[in-house]
Amino acid sequence: MGYNDSRSNVKGKGAFVTCCNVGIDQAACALKRGEAVIFPTDTVYGVGVSVRHAATPEILFDLKQRDRGKPVAWLVGSLADLARYGADVPAFASALARAFWPGALTLIVRASDEVPSAFRSEAGTIGLRMPADTAALDLLGKVGCPLATTSANASGARPPRSSDEVDPAFAAAVGCMVADGAPRSGTASTILDCTGDHPVVVREGDVTIADIRAMG
């Protein structure tokens, strides 16, 4: 999979601003500086920050003009991360992760002590997902920790399936993007609340309710 290493000029208010299309290594360095980066996932293009190097997800709320009451889920690099960042994870949640990770399933669980308070919901939960995307997993591996990630668009706008669909003004505000030529599915992940006695569907996406029921 090839990545561009070029600069795209976007005309802003009275000036030109620049978004730099970078490779995985450069993107990882930006994330380790606490900066936000746009990158592809299996579902849509996302924008994220390193949860180890950014003190809060505040920059993501600012970029998206998003309600602070809507927490940002984490992309993780392995199945083991569910038990690491989740507390008292129920057996059914672990079974769901084994069945659908890596893939388009986000599991909301109670956050462990390894999740900084700034990244938790008001209820003390965290959404976790392992993406089925080489670029995203490579980036997670290079950074060495989860990435708090949301779709790379302003709230209310259509999530981008490819780098070409990322709004130029949004890209310029972020300043750093990993881009390749392959469009993603464009279908959001399914979100399940796993903090109770059984999973509750918050949003149905690429993993359908039928898929989940088929587990038995």
Side-chain angles (χ1 to χ4, degrees), residues 1-77 106 116 118-119 127 129 131 133-186 188-189:
M1 181 179 293
Y3 299 96
N4 295 325
D5 190 1
S6 60
R7 292 181 181 270
S8 301
N9 287 327
V10 181
K11 194 169 186 178
K13 296 181 179 179
F16 281 89
V17 289
T18 300
C19 175
C20 188
N21 296 334
V22 302
I24 294 292
D25 288 340
Q26 291 168 287
C29 288
L31 288 163
K32 289 179 179 179
R33 292 193 297 268
E35 300 170 11
V37 170
I38 297 171
F39 60 94
T41 75
D42 47 343
T43 56
V44 298
Y45 262 66
V47 59
V49 296
S50 163
V51 304
R52 181 180 299 162
H53 303 92
T56 74
E58 192 69 16
I59 188 174
L60 301 179
F61 291 116
D62 290 341
L63 286 166
K64 289 184 67 74
Q65 303 168 41
R66 173 172 167 157
D67 178 3
R68 265 67 175 171
K70 296 176 65 176
V72 179
W74 287 12
L75 294 184
V76 299
T106 300
F119 288 92
R129 182 170 88 84
D133 186 271
T134 300
L137 290 173
D138 284 352
L139 191 56
L140 284 160
K142 293 283 186 182
V143 178
C145 67
L147 302 177
T149 305
T150 180
S151 58
N153 57 276
S155 292
R158 179 181 176 181
R161 294 174 60 244
S162 67
S163 57
D164 289 342
E165 292 183 2
V166 177
D167 180 81
F170 188 92
V174 177
C176 185
M177 175 165 62
V178 176
D180 63 26
R184 271 43 186 189
S185 73
S189 71

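Computed from a predicted model, the values in this text were never measured in an experiment.
Nearest heavy atom pair, residue Val166 against residue Ala171, reads CG1-CB, 3.9 Å. Residues Phe119 and Ala55 approach most closely at CE1-O, 3.7 Å, considering heavy atoms. Between Ala173 and Leu63, the shortest heavy-atom distance links the atoms CB-CD2, 3.7 Å. In plain terms, the two heavy atoms of Phe170 and Val47 that are nearest each other are CZ-CG1, 4.0 Å. Asp42 approaches Asp133 most closely through the heavy-atom pair N-CB, 3.5 Å. Closest approach of Gly46 to Thr41, counting heavy atoms only: N-CG2, 4.4 Å.
With rounding to the nearest 0.5 angstrom, the CZ atom of Phe39 is 6.5 Å from the CG atom of Leu140. The CZ atom of Phe61 sits 8.5 Å away from the OG1 atom of Thr150 when rounded to the nearest 0.5 Å. The CZ atom of Arg68 sits 4.5 Å away from atom CG of Asp62, with the distance rounded to the nearest 0.5 Å. The CG atom of Leu31 lies 7.5 Å from the SG atom of Cys176; values are rounded to the nearest 0.5 Å. Asn153 CG to Gln65 CD: the interatomic distance, rounded to the nearest 0.5 Å, is 10.5 Å.
Taking the side chain to side chain contact (heavy atoms under 4.5 Å, CB included) definition, one finds that Ala118 meets it with Thr56, Pro57, sequence neighbours left out.
At least one donor-acceptor pair closer than 3.5 Å links the side chain of Lys64 to the backbone N or O of Ser151. Side-chain atoms of Arg184 come within 3.5 Å of backbone N or O of Ala182 as a donor-acceptor pair. Arg33 places no side-chain N or O within 3.5 Å of a backbone atom of His53 that could act as its donor or acceptor partner. Side-chain atoms of Arg66 come within 3.5 Å of backbone atoms of Lys70 as a donor-acceptor pair (strictly under, hydrogens ignored). Not one N or O on the side chain of Arg129 forms a donor-acceptor pair closer than 3.5 Å with the backbone of Leu75. The backbone N or O of Lys142 lies less than 3.5 Å from a partner atom in the side chain of Lys32, making a donor-acceptor pair.
Within the 4.5 Å cutoff, no side-chain heavy atoms of Ser163 are placed close to those of Asp180. Counting only heavy atoms from C-beta outward, the side chains of Val72 and Val49 never approach each other to under 4.5 Å.
In this structure, a donor-acceptor pair under 3.5 Å is absent between the side chains of Thr43 and Ser189.
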